[in-house]
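Report on the structure given below.
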There are 2 protein chains.
Amino acid sequence: MEKCITTLLREQGFKVTPQRLAIYQALAATKSHPSAEMIFHELQPVYPTMSLATVYKTIEILKEMNLVQVLNAGEDSFRYDANTESHPHIRCLSCGRVDDLEGVDESVFIDQVAGKTPYRLTGQQFYFYGVCPACQQKT
Amino acid sequence: MEKCITTLLREQGFKVTPQRLAIYQALAATKSHPSAEMIFHELQPVYPTMSLATVYKTIEILKEMNLVQVLNAGEDSFRYDANTESHPHIRCLSCGRVDDLEGVDESVFIDQVAGKTPYRLTGQQFYFYGVCPACQQKT
DNA sequence: TAGAAACAAACAATTGTTTTCCTTTACATC
DNA sequence: GATGTAAAGGAAAACAATTGTTTGTTTCTA
């Protein structure tokens, strides 16, 4: 995996730097869909000189290379996902966590839409909102 | 319709002002899902003293009263819709317009998700992306 | 290992949105 | 209809997320 991203960066003419590897690996290693801020704080202890701007710029590159997708789950900041496959997400309105929705087949729904709209479809994002199991217990 | 929103405002203890009526009606009269900025510019000629802050404050109230819903179609600003029913939207990646998706039945998909997730579902947003008919012709 | 190209970090600028604070307005009561 | 008061409007400043710009540093080729 590390070899992969290293190679990919080189192929696209980007330099391979520890910061870029760290940011990508932080994203690839979690399912928590962190924001730029969250990545920054996670890496801060290991890379004390890392700046938020570097996180944003690296994500920009990863986005360009199709190694991350951007989520916009109705919050005031973006979240990022190293799983670039289109898949639905769900956000807990109580604690704010964002999870993948597993085992859901969206293709039928997408096909239906593709057949009905005059647009030429290129992608989609599905966001569900609710209360996660942990927060349900709290109440 | 106008009587309706006037009454609703009063019932909730809000004052009825020309600005509030104008903002709600601008939203109710269009299917273009305008942003705060767009509403502001539309009303500017009629209410020269109207400020962007008033637009935001009024939208906040309308949101609270469930008279508008907020869209977050992956742009850098929010859009608003006086149709508060949950329904899928599609955005043109070329010109930026946001349309409703008509005649699409999302209930089967939602039911599927409700059955699979441990979350207690409260809502959802579906965003599709593509190229609108007008922009397809341009290319 | 030298040197050019690309980079990271600090800092500043932008942009959408919210807050502040003072003036004006809506509206219940007289 | 006049009036008092709480709420609303407006301008500007504040804010927060993100994006440029600059400058010294690092990577990697030759």
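Lettering follows sequence order; numbering is per chain, from 1.
When rounded to the nearest whole Å, the span between CZ of A:F78 and C1' of C:dG16 equals 11 Å. Here the P atom of nucleotide D:dA7 and the CD atom of B:E64 are 14 Å apart, to the nearest Å. In this structure, B:N72 atom CG and C:dG16 atom C1' are separated by 12 Å, rounded to whole Å. B:R79 places its CZ atom 16 Å from the C1' atom of C:dT17, with the value rounded to the nearest Å. Put simply, OH on B:Y47 is 10 Å from P on D:dG10, counting in whole angstrom units. Nucleotide D:dT19 holds its P atom 9 Å from the CG atom of B:D76, rounded to whole Å. If you measure from atom CD of B:Q12 to atom C1' of D:dA6, you get 18 Å, rounded to the nearest angstrom. Rounded to whole Å, the distance from CD on A:E75 to P on D:dA16 is 16 Å.
Where B:L52 and A:S51 meet DNA chain C, the nucleotide closest to each residue was compared, and A:S51 sits on the side nearer the 5' end.
Between C:dT17 and B:Y56, a contact under 4.0 Å exists linking OP1 or OP2 to a side-chain N or O. Between A:R20 and C:dA8 there is a side-chain N or O to OP1 or OP2 distance below 4.0 Å.
Taking a cutoff of 4.0 Å between a charged side-chain nitrogen and a carboxylate oxygen, A:D81 and A:R79 do not qualify as a salt bridge. The pair A:K57-A:E60 does not meet the salt-bridge criterion, since no charged nitrogen lies less than 4.0 angstrom from a carboxylate oxygen.
For the atom pair CG of A:L62 and CD of A:E64, the computed distance is 10.0 Å after rounding to the nearest 0.5 Å.
Judged by distance alone, the side chain of B:Y80 and the main-chain N or O of B:A36 form no donor-acceptor pair under 3.5 Å. With hydrogens and angles disregarded, no donor-acceptor distance shorter than 3.5 Å links the side chain of B:D100 to the backbone of B:E102. In terms of modelled atom types and a separation under 3.5 Å, the side chain of A:T58 and the main chain of A:R20 share no donor-acceptor contact. Between the side chain of A:H41 and the backbone N or O of A:I39 there is no donor-acceptor pair closer than 3.5 Å.
Between the axis at the start and the axis at the end of the helix from C:dT1-D:dA30 to C:dC30-D:dG1 there is an angle of 30°, using five pairs per end and rounding to 10 degrees.
Across all their heavy atoms, B:R120 and A:Q136 have their closest contact at N-NE2, 3.0 Å. Across all non-hydrogen atoms, the minimal contact from B:Y119 to A:P133 is CD1-CD, 4.1 Å.
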Seminar exercise, completed: With B for base contact, S for sugar-phosphate-only contact and - for none (protein heavy atoms under 4.0 Å), nucleotides 20-30 of chain C reads B-----BS---

